[in-house]
Number of protein chains: 2
Amino acid sequence: MADVARLAGVAISTVSRALANPGRVNAKTRAKIDAAAKQLGYTPNAMARGLRIGKSNIIMIILPGSLHYGASQIIPQVLQSINRSLIQGGHNLMIANLDRDEVSERHILDLAFGGTVRGAIILSSKLPEVDGRSLANAGFPIVSMLLDMSDAGFPSVVTNDREAVRDATAELIRLGHRRFLYIAGPEGNYHDVERYGGVVEALDQAGLTAEAVRRSGGNLDYQHGFEIGVQAASDFARLTDKPTAVIATSDDMAISFVSCVQRTGLSIPEDLSVVSFDGSPVCEFCSPSLSTIEQPVDEMGQAAVAILLGATGQMENGPATRTVIRSKLILRESMAGPKS
Amino acid sequence: MADVARLAGVAISTVSRALANPGRVNAKTRAKIDAAAKQLGYTPNAMARGLRIGKSNIIMIILPGSLHYGASQIIPQVLQSINRSLIQGGHNLMIANLDRDEVSERHILDLAFGGTVRGAIILSSKLPEVDGRSLANAGFPIVSMLLDMSDAGFPSVVTNDREAVRDATAELIRLGHRRFLYIAGPEGNYHDVERYGGVVEALDQAGLTAEAVRRSGGNLDYQHGFEIGVQAASDFARLTDKPTAVIATSDDMAISFVSCVQRTGLSIPEDLSVVSFDGSPVCEFCSPSLSTIEQPVDEMGQAAVAILLGATGQMENGPATRTVIRSKLILRESMAGPKS
DNA sequence: CGCGCTATAGCAAACGATTGCCAAAAATCG
DNA sequence: CGATTTTTGGCAATCGTTTGCTATAGCGCG
């Protein structure tokens, strides 16, 4: 920076002001300084600035568990959308995995308390807490995405899981279905609770009871969607009084489920209608093409970033906001009326 | 840190030594210091340390173009594997997108020259270069993954694209196929060149000429795999003297291609065999299940990280290494002998 | 010409660690 | 117990910025 100042014939403090706070310096000198910086190939040191200012421009996204094999289809879209929004404001995205071990928790806490990151977007309901250090109550800006954690005090950006599934189920009922199979995510998980709730609500409204729906799954994480679908298919094979429609909580589940039941000779949608959640692009190219509930991932990412950057610091007062962005049911071949 | 020193009853310099260089301090005092740090919930400031040391512990991955909708299936696995490897050594992963605009190039250069990141893993053949600042010749540690850029001086971790496709094609020939359709990635792209080269080599070895293979695609990026497959299907419909086997350069292409041709009444593998590249988990659950060439993403990620961290600084001398990790052909239903 | 304003210079103190130095203290050993 | 080695203490410089302060320079304006 001293070199730039010398070359531009101005003082160091002026260079600093020109770069950090362009408003407070005359346009002409600013031009001189920019030219000098460019000529010297100067880039301000981010760590020195961060140290002085007391904040970084890095946001981390905390992903639950490992994204391993068969990761939930929407994660890449989530990353993409968040990253794009962040970059517009000159911020950067760092990835953090929250596994169920102390090492990863400690790692995340270090990132937060060590000042490396300025805030976090969380996709996990559990927050790291080790040795008395806790992310939750550190005044550290956090926004929850996909999961509604507004009750826990975190601004949340979610989609209308319950409603969307309710509508999809209602559509199945309208088509004439009366017996359902629900393929569940992990027991107690927010999405699972909401989505199953949606199913039951739709049944209610149609004068049916929860008896009309059987459950499969519940023991595995969303990351194992394909396995869950396979299990569900074998559960299905054992059912008497077979359901005529299936509601899966992720596209992966639906895809492997469909694949398995087709092998047993059933055809979709003639014997069985299927609808699932996520809106993965691949659903369009399955046979039959799969109806799915498309999550507005882009908008959610944008909203989460906007809230996080806007809210830096001013949390704590008043209840946390909850931003809901509606999902959209995409109707495809996998849904039709029951045979008889 | 001063507080920790006071509480532990030692000097600040001792605390620093205990935390940064545990070897040079007695086990007993170290325990005292750790206890004090824990009690106070102390986390060393990463930016201050980074500033003083002159390096950060952040590695960035530079992704080509946007990962947008229908992203190449393996990117999440790549991120996951790299992140896992990094974390073991106390490093962190930052995501950088290299779009074809100056803004994103400048952004990446700022990250590198501003000292925010310590090195980069690139998945893109083009490197940012703006205003005379260039990533390529900055002594900045870079490792290329998926693309072989060892000729350009970057250590590269790749799979044996050419060989793997050659073997897959040879297998198709062995099954009796003599006319092929090749669904291409973007013209001139490393993967496309290699993979197509593999096809031609296999033909050669079987005494066939390149006449035996038609090409489709070539105008779109891998991100648009589904579209490419759709196009390829319509190209296929127009072909006379139809190929009996299809080699696609990504799973996405194969999936949408299969979906489209099935709708025209063809059945796979009876009328047409299909094999593709990537090894996406979803291939197992397509109907028919798709043969695919599985990339060893995990091993490649680990290797890339190891090289990057090991090689910090010591580039430049000698030719860049090229690490090849073999892909594996997974045989599934989509490959069979031709009908007649 | 003097007044008020804005823009810049120059100085110095931070930000929170690391590290070299030397001396003092403690531990180890024969 | 004396000699030697290992550990600490205390000090101060340093990393590259930002920012508050005062003083000066320049400019427009009545």
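Quick note on labels: first sequence line is chain A, next is B, and so on, each numbered from 1. The structure displayed is predicted, hence computed values, not measured ones. As a basis for the values below, the full set of heavy atoms in this structure was taken, side chains included, without hydrogen atoms, waters or symmetry mates.
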Reading nucleotides 23-28 of chain D from the 5' end, what letters show protein touch, with B for base, S for backbone sugar-phosphate only, - for no heavy atom under 4.0 Å? ------
Please report, rounded to the nearest Å, how far the P atom of D/dT17 is from the CG atom of A/N57. 15 Å
From NZ of A/K28 over to P of C/dT6, roughly how many Å is that when rounded to an integer? 18 Å
So, A/N137 versus A/S134: side-chain donor-acceptor pair below 3.5 Å or not? yes
So if I take every side-chain heavy atom of B/N26 and compare against D/dT8, D/dG16, C/dT18, which nucleotide ends up nearest? D/dT8
Tell me what A/L51 touches on the nucleic acid: a base, only sugar-phosphate, or nothing, going by heavy atoms under 4.0 Å. base
Answer with yes or no whether the side chains of B/N97 and B/H107 bring together a donor and an acceptor at under 3.5 Å. no
Whole-Å gap separating P (D/dT7) and CD1 (B/I33): 13 Å
Would a distance-only check, ignoring hydrogens and angles, find a side-chain to backbone donor-acceptor pair under 3.5 Å from A/N45 to A/A48? yes
Is the shortest heavy-atom distance from the side chain of A/D131 to the side chain of B/Q39 under 4.5 Å? no
For the pair made of CD1 in B/I53 and C1' in D/dC15, what is the distance, rounded to whole Å? 10 Å
Any carboxylate oxygen within less than 4.0 angstrom of a Lys/Arg side-chain nitrogen, looking at A/R133 and A/E105? no
When B/R30 and B/A48 are each assigned the nearest nucleotide of DNA chain D, the 5'-most assignment goes to B/R30
When you compare the protein's N or O atoms with those of nucleotides 9-14 of chain D, which come within less than 3.5 Å of each other, and at what distance?
unit_1, atom_1, unit_2, atom_2, d
D/dG9, OP2, B/A11, N, 2.7
D/dG9, OP2, B/T14, OG1, 2.4
D/dG10, N7, B/S13, OG, 3.2
D/dT14, O2, B/R52, NH1, 2.9

Does the distance from a Lys or Arg side-chain N to an Asp or Glu carboxylate O, for B/R322 and B/D151, drop under 4.0 Å? no
With a cut-off of 6.0 Å (strictly less than), are more than 12 heavy atoms of other residues, nucleotides or ligands near NZ of B/K38? no
Length of the line joining B/L19:CG and C/dG16:C1', which is rounded to integer Å: 13 Å
Distance check needed: C/dG16 P versus A/F113 CZ, whole Å only. 16 Å
D/dT17 phosphate, OP1 or OP2, under 4.0 Å from A/Y42 side-chain N/O: yes
Whole-Å distance between C/dA17 P and A/R49 CZ? 21 Å
If you pin B/T29 and A/A20 to their nearest nucleotides in DNA chain D, which one's is more 5'? B/T29
Would you please name every residue forming a side chain to side chain donor-acceptor pair (under 3.5 Å) with A/T323, sequence neighbours left out? none
Answer yes or no: is there a donor N or O on one side and an acceptor on the other, between the side chain of A/H191 and the main chain of A/L146, under 3.5 Å? yes
Atom NZ of B/K55 to atom C1' of C/dT19: distance rounded to whole Å? 15 Å
